[in-house]
Amino acid sequence: MHAGSNRRASNLFYQSGSRRPPVDRAEGIYIWAQDGRRWIDGSSGAMVVNIGHGNRNVLDAMKRQMERTTFAYRLHFENDAAEDLATRLCDLMPPGFDRVFFVSGGSEATESCIKLARQYAVATGQAGRYKVISRFPSYHGCTLGALAVTGYAALAAPFSPLMAAMPKIPAPTAYLDRDDLTPAGRGLRYADMLEAAIKAEGPETVLAFIMEPVGGASTGALVAPDSYYPRVREICDRYGVLLIHDEVMSGAGRTGKFLAGDHWPDGRPDLVALSKGLGSGYCPLGAMVAPDRIVAPVLAAGGFLHGFTYAGNPLASAAGLAVLDEMERGDMIGNAARMGAVLAARLEGLKARFPFIGDVRGKGLLLAAELVADPGTMEPLPARLNAYQRLVDIAYDKGLIIYSRRTRGGYEGDHVLVCPPLIITEAQVEELMAILTESLADLAAELHLPVGA
Ligand code: PLP
């Protein structure tokens, strides 16, 4: 020990220098700092804590597992918790999804999908396929493979020499369009951009298309018109392109179904990436779920050349299993659908008083409101107002945590995500809305935004 020579006020660093108060404890939808202040966790952390904080049954299950073993390496032992979690997960998946590969987070999950897709192509005599088309804006993770398909130029820029350039098509931001098309027509128009990109790249070089079925922070809960999903499926089939759904944020019940993709059964993917709500913050956990028709050729050709040390460890698996038990016991996915409808209606209702809310969108409890200068044209607020960050800070000071971004890439705009744990009650929705309404009023006063009656 070098007598404190490296000691600073904090030795930790994250993305930026800004600091928040030290957390103390959390329970249900609430979280407390050490100074006694309490917040409603209106973003479930980073859309992670789907089952709510401090769930006693999950903690007990983890404790039982911890007392047996926290870690046993998968090359040395099978473990029941991972086996059981894989089985439970497959029971919740659409037909045909019968193979699970565990990881510890979202970037690992999307990266695994890309690598399995590539090995499948090689194993099945399609080695010329390597391009993964994605959308902009989008977010698929921060590791180099996941970042290569992320549509967020500023985040990727310094690393671009380290990554293969991957083709991007516009995300289906139909709510911004002011054309004569119907929503269905717009959905098809955006999906057809995928076909155009596949043709332009050369279909024999295209490996996969990755998309968030309901968008996350990059787009503010973007939902495409219904027509988009089956058309994307059809196009992928036509050109032999694998369809990857990144359900890292939208999965595990968040949208009122186990998968967001379950809202569009005729747009089913080939591979699914899950994380966040799967471990619900109790343990780092993620998964790639795949059909055996994709996994089997890879295993037969010598095995999947990929894997993380912590993958499928007994503790994370026991936590995941208990999370799924609790989700089912508390009908949390049903509650997400019900409370999502209540919350969406309440957010929609704010438009009259705050005409700078240009759009409310999402599914279940993955909801967002877009803040604009003009709801008629959807012209964004000037970036210099920093509206999204001001709203987060104002709400934070009043005891509400929300997640907010200015989308950059394709188009610009401020949005705020409202994504409480799936256990929220109607009374708690009202409590959240009271603080959010007050915060929007303060934001309007501060930035001189118009306010209605
Ligand atoms: N994919 C999506 C849709 C996400 O929202 C995220 C994280 O926010 C990721 C991937 C990356 O997950 P992680 O931060 O756990 O690596």
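Read the numbers this way: they start at 1 and go in the same order the structure lists the ligands and their atoms. Since the structure is predicted, the reported quantities are computational estimates derived from the model, not experimental observations.
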Open item on the list: Quick test: of every protein heavy atom, which one is nearest to atom 14 (O) of ligand 1, and how far off is it to 0.1 Å?
Closed with: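 Of the protein heavy atoms, S107 OG, 4.3 Å lies nearest.
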
TODO: May I ask you to identify the nearest protein heavy atom to atom 5 (O) of ligand 1, giving residue, atom name and distance to one decimal place in Å?
DONE: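 Sorting protein heavy atoms by distance from atom 5 (O) of ligand 1 puts M249 CE, 3.3 Å first.
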
Any atoms of ligand 1 less than 4.0 Å from a non-hydrogen atom of [X]? List them with their elements.
X	result
H140	1 (N), 10 (C)
G141	10 (C), 11 (C)
D246	1 (N), 2 (C), 3 (C), 10 (C)
Y139	1 (N), 2 (C), 3 (C), 4 (C), 6 (C), 7 (C), 8 (O), 9 (C), 11 (C)
V248	1 (N), 2 (C), 4 (C), 6 (C), 9 (C), 10 (C), 12 (O)

Task: Mode of K276 contact toward ligand 1 - side chain, backbone, both, neither (heavy atoms, under 4.0 Å) - done: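 For K276, only side-chain atoms sit under 4.0 Å from ligand 1.
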
- [ ] Report the part of E212 (side chain from C-beta onward, or backbone N, CA, C, O) that has a heavy atom under 4.0 Å from ligand 1; answer both or neither where that applies.
- [x]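 Answer for E212: side chain.
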
Task: Heteroatom distance test (G106, ligand 1): nitrogen or oxygen, under 3.5 angstrom - done: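 Yes, G106 has an N/O under 3.5 Å of an N/O on ligand 1.
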
Task: R20 charged N/C atom sitting above Y396 aromatic ring, 6.0 Å / 45° - done: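 The answer is yes; both the distance and angle limits are met.
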
Open item on the list: Could you check whether R405 makes a cation-pi contact with Y388, meaning its NZ or CZ is under 6.0 Å from the centre of the six-membered ring and within 45° of the ring axis?
Closed with: no

Task: No-hydrogen, no-angle side-chain donor-acceptor test under 3.5 Å, E83 and N79 - done: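 No pair is found: no donor N or O on one side chain lies under 3.5 Å from an acceptor on the other.
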
Open item on the list: Any donor-acceptor pair under 3.5 Å linking the side-chain atoms of E234 with those of Y229?
Closed with: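 On atom types as modelled, these side chains do not qualify, holding no pair under 3.5 Å.
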
Task: Lys/Arg-Asp/Glu bridge criterion (N-O < 4.0 Å) met for R56, E326 - done: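 No, R56 and E326 are not salt-bridged.
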
Open item on the list: Counting only heavy atoms not in Y175 (residues, nucleotides, ligands), do more than 12 fall under 6.0 Å from its OH?
Closed with: yes

- [ ] Kindly assign one of parallel, tilted or perpendicular to the pair F101 and H306, based on the angle between their ring planes and the thresholds 30° and 60°.
- [x]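 Answer is parallel, since the angle falls under 30°.
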
